[in-house]
Protein chains: 2
Amino acid sequence: MDALDRQIIAALRVNGRATYADLGRKVGLSASAVHERVGKLEATGVIVGYHAVVDPSAVGLGVTALVSIHPTDTADDDELAVSLAELVEVESCYRVAGDESFIVKVRVATVDDLERSLGRLRRIQGVARTRTTVVLSTRFEGRPNTDEVGDPRTGPEAGA
Amino acid sequence: MDALDRQIIAALRVNGRATYADLGRKVGLSASAVHERVGKLEATGVIVGYHAVVDPSAVGLGVTALVSIHPTDTADDDELAVSLAELVEVESCYRVAGDESFIVKVRVATVDDLERSLGRLRRIQGVARTRTTVVLSTRFEGRPNTDEVGDPRTGPEAGA
DNA sequence: TGTGAAAGTGTCAGAGA
DNA sequence: TCTCTGACACTTTCACA
């Protein structure tokens, strides 16, 4: 992982469909060299995947909520996580420090669906109670933090 | 937006680098037809973008926290959101219903950086106090919910 | 890493259902 | 309107140096 890898990663975070040739021009390598570097970054798990980001409301998922999951005394966190993963409306799942054991992000079509989803969550073995925070608007989400890709001395250089 | 569009979207959410030819084979269209459809989906804002997903710890961002932002009585939410957007470590920003006005996801390298980041957050005009929940592990994140792309009668058909 | 070459793909125009 | 075909340039992806 050198500066070139970090530049390639930064570019792919901004545009996941950039061609290897484009990336090569941007970082000053041939397309085949970029191809090999990206392959290694994928193989070593640095690049986990590529995803199209879709406007949730455009695909009928206009309601977002953040739900704290409070476990029972005897709950097994790993089993809980597996159960949470089985609900398709649970988009993200974080194991957290504090009273709650998990915080999940739920995405559904309507508040009725949210109510049903909360019912499913509460019925999971090991869930004592939930605390739901409804998202009114998403100002931004999953924004690429270009901070880490720059040299700590010179700062980020995403546009380079 | 018909069933074909939804299939294309579902495929691109799973693999954002799928070729038009691939997508065409998957949905039974020519590459050029897929090309045109994707172009329209991008132009109309259904597809917002394509991003490589990177293992945060691999790029030196091993610490994640969810921070509730409690506003002062006179705080302006829009100004607050703008200020939050200026902090590069704030990856996501949700305006929520409840006591807090925003919940943000912060991604930094170390707990020291987290401390500094919380200092920056608290110094923002309109922030009365913050409540921080440290993420111990991310079980999954930004998982494509394939539920919405299927026909409501037949259910999801992501693998089709 | 780069070069070179073959296979595959992107991306258009134009024509047809 | 939506789709397909055909054509060319570009890209991917390999072997070899």
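All figures in this text were calculated on a predicted structure; none of them were measured in a lab. Note on naming: letters A, B, ... go to the chains in the order of the sequence lines (proteins, then strands), and numbering restarts at 1 for each one.
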Student: When you measure from the side chain of B:S92 to the backbone of A:G142, do you find a donor-acceptor pair of N or O atoms at a distance under 3.5 Å?
Tutor: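 Present.
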
Student: State whether the side chain of A:R17 and the backbone N or O of B:G16 hold a donor-acceptor pair below 3.5 Å, judged by distance alone.
Tutor: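 Flag set: sc A:R17 to bb B:G16 pair under 3.5 Å.
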
Student: Could you tell me whether the side chains of A:T130 and A:R122 share a donor-acceptor contact shorter than 3.5 Å?
Tutor: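 A:T130 vs A:R122: donor-acceptor pair found between side chains.
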
Student: Name all pairs fulfilling the salt bridge (Lys or Arg N to Asp or Glu O under 4.0 Å) condition that reach into residues 40-54 of chain B, sequence neighbours left out, sorted by first residue then second.
Tutor: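 Only B:E36-B:K40 qualify under salt bridge (Lys or Arg N to Asp or Glu O under 4.0 Å).
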
Student: Quick one: bend of the helix from C:dT1-D:dA17 to C:dA17-D:dT1 from 5 pairs per end, to 10°?
Tutor: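 Both end axes considered, the difference amounts to 40°.
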
Student: When you measure from the side chain of B:R143 to the backbone N and O of A:C93, does any donor-acceptor pair fall under 3.5 Å?
Tutor: no

Student: Listing time: all N or O pairs from protein to nucleotides 9-15 of chain D that are below 3.5 Å?
Tutor:
unit_1 : atom_1 : unit_2 : atom_2 : d
D:dT11 : OP1    : A:R25  : NH2    : 3.1
D:dT12 : OP1    : A:Y20  : N      : 3.0
D:dT12 : OP2    : A:Y20  : N      : 3.0
D:dT12 : OP2    : A:A21  : N      : 3.1
D:dT13 : OP2    : A:H35  : NE2    : 3.1

Student: Choosing from C:dT3, D:dC2, D:dC4, which nucleotide comes nearest the side chain of B:R37?
Tutor: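 So the side chain of B:R37 is nearest to D:dC2.
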
Student: Among Ile, Leu, Val, Met, Phe, Trp and Tyr joined by side-chain contacts under 4.5 Å, find the other residues sharing a cluster with A:V135 and list them by chain and number.
Tutor: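 In the cluster with A:V135 are A:L66, B:Y94, B:V96, B:I103.
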
Student: Hydrophobic cluster membership, with links at side-chain heavy-atom distances under 4.5 Å among I/L/V/M/F/W/Y: are B:V48 and A:V59 in one?
Tutor: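 No; tracing contacts between hydrophobic side chains, which count when under 4.5 Å, never links both residues.
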
Student: Rounded to the nearest 0.5 Å, what's the gap from CG on B:D55 to OG1 on A:T44? Could you check?
Tutor: 9.0 Å

Student: Give the residues of residues 40-47 of chain B touching DNA chain C, defined as any heavy atom closer than 4.0 Å, sorted by residue number.
Tutor: none

Student: Treating Ile, Leu, Val, Met, Phe, Trp and Tyr as nodes and any side-chain heavy-atom pair under 4.5 angstrom as an edge, say whether B:L61 and B:V104 lie in one connected cluster.
Tutor: no

Student: Taking salt bridge (charged side-chain N to carboxylate O under 4.0 Å, His left out) as the test, write out the residues that go with A:D76, two or more places apart.
Tutor: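 By the salt bridge (charged side-chain N to carboxylate O under 4.0 Å, His left out) rule, A:D76 matches no residue at all.
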
Student: Measure from CD on A:E36 to C1' on C:dT3 and round the result to the nearest Å.
Tutor: 14 Å

Student: What is the distance, to the nearest angstrom, from the CG atom on B:L23 to the P atom on C:dT11?
Tutor: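 In whole Å, C:dT11 P lies 12 Å from B:L23 CG.
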
